[in-house]
S.K.: 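The structure that follows is given in the form of structure tokens.
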Amino acid sequence: MFQSNVVEKCKANDRAAQLQLYRKYCDGMYIVAMRFVKNADDAEDVLQESFIKAFEKLHQFKGDVTFGAWLKRIVVNKSIDFLKSKTDKEVSLDDSYMQVIDVNDDWKVPATISIEQVRCAINKLQEKYKYVVLMFLLEGYDHKEIAEVLNISASACRTRLSRGKSHLKELLKEKNYGTGS
């Protein structure tokens, strides 16, 4: 009830309702932005741009998902756009080397590996794998949603996730056996 009333008021350009919606979601969306951009100032910029876009495009919110899920997609997209703008080189989205994915493959890592070590290893992945792994593992997106956000096919998403996971396992294996830096 809260969400629909406040969103409707926001659509009518009610500043108090916009502030209420901002306060409800700003902390959680800041955490999402930080997972991607890794810098507090940049995350605040991404968050600000995300809310501006959300309020500008609020008429497109149909309520088929929660407002939080809708806003989270905007934050993820803005975070990725920000990261792409910071790199001098263009992000390659090459899908020419497709592979068969083992859908029964699990994501288990040894108990000796900490969450922080996993996050650190994810940050070492190539961007095209890192974004998919981040969105799948940390943000809970499914293949179809990731494909839409990154503008790739669902099969390319599964391939990148599989490859990213393989690279991640190798990085964690190096950490676990002390052969990594």
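Numbers here are sequence positions counted from 1.
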S.K.: Closest heavy-atom contact between Lys124 and Leu171?
M.R.: CB-CD1, 3.9 Å
S.K.: Should Val132 and Cys157 count as side-chain neighbours, where that means a heavy-atom distance under 4.5 Å?
M.R.: yes
S.K.: Mind checking the CG-CZ spacing from Asp142 to Phe136? Nearest 0.5 Å is all I need.
M.R.: 8.5 Å
S.K.: Take Val133 and Lys165, measure what side-chain contact (heavy atoms from CB on, under 4.5 Å) needs, and give me the verdict at the end.
M.R.: CA-CA 7 Å; Val133 171; Lys165 186 174 95 175; 5.6 Å; no
S.K.: Going through the distances and angles, do Tyr25 and Leu47 end up as a side-chain contact (heavy atoms from CB on, under 4.5 Å)?
M.R.: CA-CA 10 Å; Tyr25 290 101; Leu47 183 66; over 6 Å; no
S.K.: By the side chain to side chain donor-acceptor pair (under 3.5 Å) test, which pairs, at least two apart or in different chains, include something from residues 36-54?
M.R.: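 Non-adjacent pairs meeting side chain to side chain donor-acceptor pair (under 3.5 Å): Lys38-Asn123.
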S.K.: Does Lys144 use its side chain to pair, donor to acceptor, with the backbone of Tyr141 at less than 3.5 Å?
M.R.: no
S.K.: As an exercise, state the distance from CG of Leu58 to CD of Glu56, rounded to the nearest 0.5 Å.
M.R.: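 Leu58 atom CG to Glu56 atom CD measures 11.0 Å (nearest 0.5 Å).
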S.K.: Between atom CD1 of Ile146 and atom CG of Asn151, what is the distance when rounded to the nearest 0.5 Å?
M.R.: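 It comes to 14.0 Å.
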S.K.: Got His167 and Glu170 here, is their nearest side-chain heavy-atom distance under 4.5 Å?
M.R.: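 Not in contact.
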S.K.: Mind checking whether Asn13 and Gln18 have side chains closer than 4.5 Å, heavy atoms only?
M.R.: yes
S.K.: Please assess Ile80 against Met135 for the test side-chain contact (heavy atoms from CB on, under 4.5 Å), listing each intermediate value before the final yes or no.
M.R.: CA-CA 11 Å; Ile80 291 171; Met135 293 174 75; 4.1 Å; yes
S.K.: Looking at every heavy atom in both Gly140 and Glu145, which two are closest together, and how far apart are they?
M.R.: O-OE1, 4.4 Å
S.K.: Please check if Val7 and Phe55 belong to a single hydrophobic cluster, counting links between Ile, Leu, Val, Met, Phe, Trp and Tyr side chain heavy atoms closer than 4.5 Å.
M.R.: yes
S.K.: What pair of heavy atoms forms the shortest contact from Leu137 to Ile122, and how long is it?
M.R.: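 Where Leu137 meets Ile122 most closely, the heavy atoms are CD1-CD1, 4.4 Å.
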S.K.: Over all heavy atoms of both residues, which pair between Ser79 and Ala33 is shortest? Give the atoms and the distance, please.
M.R.: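 Between these two residues, the closest heavy atoms are OG-CA, 3.6 Å.
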S.K.: Using side-chain contact (heavy atoms from CB on, under 4.5 Å), reason through Val76 and Tyr131 one step at a time and then give a plain yes or no.
M.R.: CA-CA 9 Å; Val76 168; Tyr131 296 147; over 6 Å; no
S.K.: With a 4.0 Å cut-off, would you call Arg35 and Glu139 a salt bridge?
M.R.: yes
S.K.: Is there a path of hydrophobic side-chain contacts, each under 4.5 Å between heavy atoms of I/L/V/M/F/W/Y residues, joining Met29 to Ile52?
M.R.: no
S.K.: Without hydrogens or angle criteria, can the side chains of Arg23 and Gln20 be said to hold a donor-acceptor pair below 3.5 Å?
M.R.: no
S.K.: How would you list, by chain and number, every residue that makes a side chain to side chain contact (heavy atoms under 4.5 Å, CB included) with Glu116, sequence neighbours excluded?
M.R.: Ser114, Arg119
S.K.: Measuring from Asp27:CG to Tyr22:OH, what's the distance to the nearest 0.5 Å?
M.R.: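 So the gap between those two atoms works out to 8.5 Å.
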S.K.: Counting N and O atoms only, with roles assigned by atom type, does the side chain of Asp14 sit under 3.5 Å from a partner on the main chain of Cys10, one being a donor and the other an acceptor?
M.R.: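 No: the side chain of Asp14 does not pair with the backbone of Cys10.
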S.K.: So does Phe61 get a backbone contact from the side chain of Lys11, meaning a donor-acceptor N/O pair under 3.5 Å?
M.R.: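 Checking the backbone N and O of Phe61 against the side chain of Lys11, a donor-acceptor pair under 3.5 Å is found.
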S.K.: Heavy-atom distance under 4.5 Å between the side chains of Trp70 and Asp64, does that happen here?
M.R.: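 Result no, sub-4.5 Å side-chain heavy-atom pair not found.
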S.K.: Is the shortest side-chain heavy-atom distance between Phe67 and Val6 below 4.5 Å?
M.R.: no
S.K.: Where the side chain of Ser166 meets the backbone of Ser162, is there a donor-acceptor pair that is under 3.5 Å apart?
M.R.: yes
S.K.: Kindly compute the distance separating OG1 (Thr66) from CG (Leu71), expressed to the nearest 0.5 Å.
M.R.: 9.5 Å
S.K.: Quick one: does any side-chain atom of Ser85 pair with a main-chain N or O of Phe82 as donor and acceptor, under 3.5 Å?
M.R.: yes
S.K.: When clusters are formed by joining ILVMFWY residues with side-chain heavy atoms under 4.5 Å apart, either directly or through shared neighbours, do Ile31 and Val149 land in the same one?
M.R.: no
S.K.: Using 0.5 Å steps for rounding, measure from the CG atom of Leu134 to the CD atom of Glu127.
M.R.: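 Rounded to the nearest 0.5 Å, the CG-CD separation comes to 11.0 Å.
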